[in-house]
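Heads up, the thing below is written out as structure tokens.
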Amino acid sequence: MPKKRYWLMKSEPDVYSIDDLARDGSTSWEGVRNYKARNNMQAMREGDLVLFYHSNAKPPGIAGIARVSREAYPDHFAFEKGHKYFDAKSDAAKPRWHMVDIEFVEKLPELVSLVDVKGEPALADMELVRYMRLSVQEVKKAEFDRVKTMGGLK
DNA sequence: GCCAACGTTGGC
DNA sequence: GCCAACGTTGGC
């Protein structure tokens with residue numbers, strides 16, 4: 001049994017928020033079109049925990065926790081001509097893009113804003129701070145736990 | 001709405 | 001393989 005890993009995934013709450021995930025129970029995470037982000041998704045294992053980050057929000061920040069419920073499988077939206085995630089360079093025989101499913105775990109009682117993260121020395125090495133533009137990142141267990149505490153959970 | 005920071009694409 | 005042009009992300 002490999003060790004559990006921790007991740008951070010970004011979503012614009014206007015498109016899909018932690019409340020939407022709470023309502024739906026679980027969702028598929030399609031549409032990632034960045035190789036680093038894809039590679040991270042392919043490294044995810046069922047049961048890994050995910051910080052759910054609200055980007056392009058007021059304020060931006062970590063809003064809740066989710067769990068990987070299905071490991072990487074081909075992003076079939078890339079095969080659908082006319083779909084906004086269509087990519088002619090990806091086909092069913094050799095899919096270029098993958099997606100995972102995540103399920104709702106809990107919402108943080110208090111949003112841990114990006115400002116909070118930047119102001120916390122223990123989180124200074126997070127990719128969220130150092131390399132802002134990656135939509136799927138790995139986080140360390142200590143960072144994950146710190147965010148949980150800051151968000152009002154034990 | 002602006003624009004910095006990246007990633008991707010394509011000409012050469 | 002270089003690099004300019006272009007597109008996207010996402011904070012502000």
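What you see below is based on every heavy atom in this structure, not just the backbone, and it leaves out hydrogens, waters and symmetry mates.
A:K58 comes within contact range of no nucleotide atom at all, as no heavy-atom separation falls under 4.0 Å.
Using modelled atom types and a 3.5 Å distance limit, the side chains of A:D101 and A:Y73 yield a donor-acceptor pair. Checked by atom type, the side-chain pair A:D24/A:Y16 shows a donor-acceptor distance below 3.5 Å.
Taking a heavy-atom distance under 4.0 Å as the criterion, the stretch of DNA chain B touched by chain A extends 5' to 3' from B:dA4 to B:dT9.
Partner of A:D75 under the salt bridge (Lys or Arg N to Asp or Glu O under 4.0 Å) criterion, out of A:R96, A:R38, A:R33: A:R33 alone.
If you take CG on A:D145 and NZ on A:K140, they are separated by 13.0 Å, rounding to the nearest 0.5 Å. For the atom pair CD of A:Q137 and CZ of A:R130, the computed distance is 9.5 Å after rounding to the nearest 0.5 Å.
The closest donor-acceptor contact from the side chain of A:Q42 to the backbone of A:A72 lies at 3.5 Å or more, if one exists at all.
Ring to ring, A:F79 and A:W97 are not that close: their centroids are 6.0 angstrom or more apart.
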*Run the numbers on A:W29 and A:Y85 for ring-ring contact (aromatic ring centres under 6.0 Å, His included), then give the verdict.*
CA-CA 12 Å; A:W29 207 269; A:Y85 293 138; over 10 Å; no

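Within a heavy-atom distance below 4.0 Å of DNA chain C, no residue of residues 32-40 of chain A is found. Residues from residues 121-134 of chain A that place a heavy atom under 4.0 Å from any atom of DNA chain B, listed by number: A:Y131, A:R133.
Within the 4.5 Å cutoff, no side-chain heavy atoms of A:H54 are placed close to those of A:E12. Within the 4.5 Å cutoff, the side chain of A:M150 has heavy atoms near those of the A:D116 side chain.
Position along DNA chain B of the nearest nucleotide to A:R96 versus A:N56 favours A:N56 as the more 5'-ward residue.
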